[in-house]
Amino acid sequence: RKARLVAGGHMTDPPALITYASVVSRESVRIAFLLAALNELDVLAGDIGNAYLNAPAREKIYIICGREFGDDLVGRKAIIVRALYGLKSSGAAWRACLADVLHEQLGFQSCRADNDVWIREAQKPDGTKYYEMVLVYTDDILCLSTDPKAILCKLDQHFMLKPDSVGPPK
């Protein structure tokens with residue numbers, strides 16, 4: 001059985017800033033597959049589990065605990081520190097968290113044409129230079145590289161990838 005705690009974002013005022021987790025365009029995916037074929041790159045996909053819960057909340061929100069939190073906490077206030085599903089700003093919080101890891105930790109740069117295409121320079125074993133790419137569709141990742149598994153392993157150190165999700169794209 002699986003349960004997910006969802007915040008009542010419909011009861012909060014909309015934030016002034018971006019509120020969505022953006023997604024890579026279909027055209028960018030097609031171009032990336034073409035580049036992978038032309039440059040003889042491998043392609044692997046992965047899915048980040050419970051993505052939003054990895055990101056800190058972007059707004060100050062609290063709840064009044066109900067019976068599901070235990071009898072000793074009923075009626076007490078609890079501060080929400082993670083971007084729960086259902087909050088209006090959770091998508092943007094998740095995107096900012098992932099962008100920080102891709103840029104600061106892994107050295108990728110966001111593409112100007114599509115902000116959800118991330119690139120970095122790399123070199124093949126024979127010395128040929130090319131660009132590794134990571135394409136992001138909310139919590140689904142597509143890696144193009146001579147060793148895409150290495151990129152996914154580094155992402156797995158920061159966010160838990162669903163074990164059955166890593167493999168060739170379907």
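Only heavy atoms go into these numbers, but all of them, side chains included; no hydrogens, no water, no symmetry mates. Residues: numbered from 1 along the sequence shown.
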Quiz prompt | side chain to side chain contact (heavy atoms under 4.5 Å, CB included) partners for Ala78, two or more places apart | solution = Ile63, Cys65

Self-check item: Pairing residues for Ser28 by the side chain to side chain contact (heavy atoms under 4.5 Å, CB included) criterion, not counting sequence neighbours
Solution: Val24, Ser25, Asp114, Val117

Quiz prompt | From CA spacing to verdict: side chain to side chain contact (heavy atoms under 4.5 Å, CB included), Val136, Leu102 | solution = CA-CA 11 Å; Val136 179; Leu102 286 171; 4.1 Å; yes

Quiz item: Taking only residues two or more places apart in sequence or in another chain, which ones pass side chain to side chain contact (heavy atoms under 4.5 Å, CB included) with Asp71?
Solution: none

Quiz item: Which other residues belong to the hydrophobic cluster containing Val81, where Ile, Leu, Val, Met, Phe, Trp and Tyr are joined when side-chain heavy atoms lie under 4.5 Å apart, directly or via other members?
Solution: Ile79

Quiz item: With Asp164, which residues qualify under side-chain hydrogen bond (donor to acceptor under 3.5 Å, both in side chains), at least two apart?
Solution: none

Quiz item: With sequence neighbours left out, which residue pairs that include part of residues 124-153 fulfil the ring pair (Phe, Tyr, Trp, His ring centres under 6.0 Å) condition?
Solution: none

Quiz item: Which pairs pass ring pair (Phe, Tyr, Trp, His ring centres under 6.0 Å) with one or both residues in residues 140-164, sequence neighbours excluded?
Solution: Trp94-Phe159

Quiz item: Who are the side chain to side chain contact (heavy atoms under 4.5 Å, CB included) partners of Lys77, not counting sequence neighbours?
Solution: Tyr62, Ile64

Determine all donor-acceptor pairs shorter than 3.5 Å in which one atom belongs to a side chain in residues 34-45; sequence neighbours excluded.
unit_1: Asn39; atom_1: ND2; unit_2: Leu35; atom_2: O; d: 2.9

Practice problem: Any ring pair (Phe, Tyr, Trp, His ring centres under 6.0 Å) involving residues 96-129? Give me the pairs, sequence neighbours left out, ordered by first then second residue. | Solution: none

Self-check item: Reference residue Arg95; test side-chain contact (heavy atoms from CB on, under 4.5 Å); the match among Asp139, Val23, Asp116, Asp100
Solution: Asp116

Quiz prompt | side-chain hydrogen bond (donor to acceptor under 3.5 Å, both in side chains) against Arg120, all qualifying residues, sequence neighbours excluded | solution = Glu132

Exercise. With sequence neighbours excluded, give me every salt bridge (Lys or Arg N to Asp or Glu O under 4.0 Å) pair touching residues 140-149.
Key: none

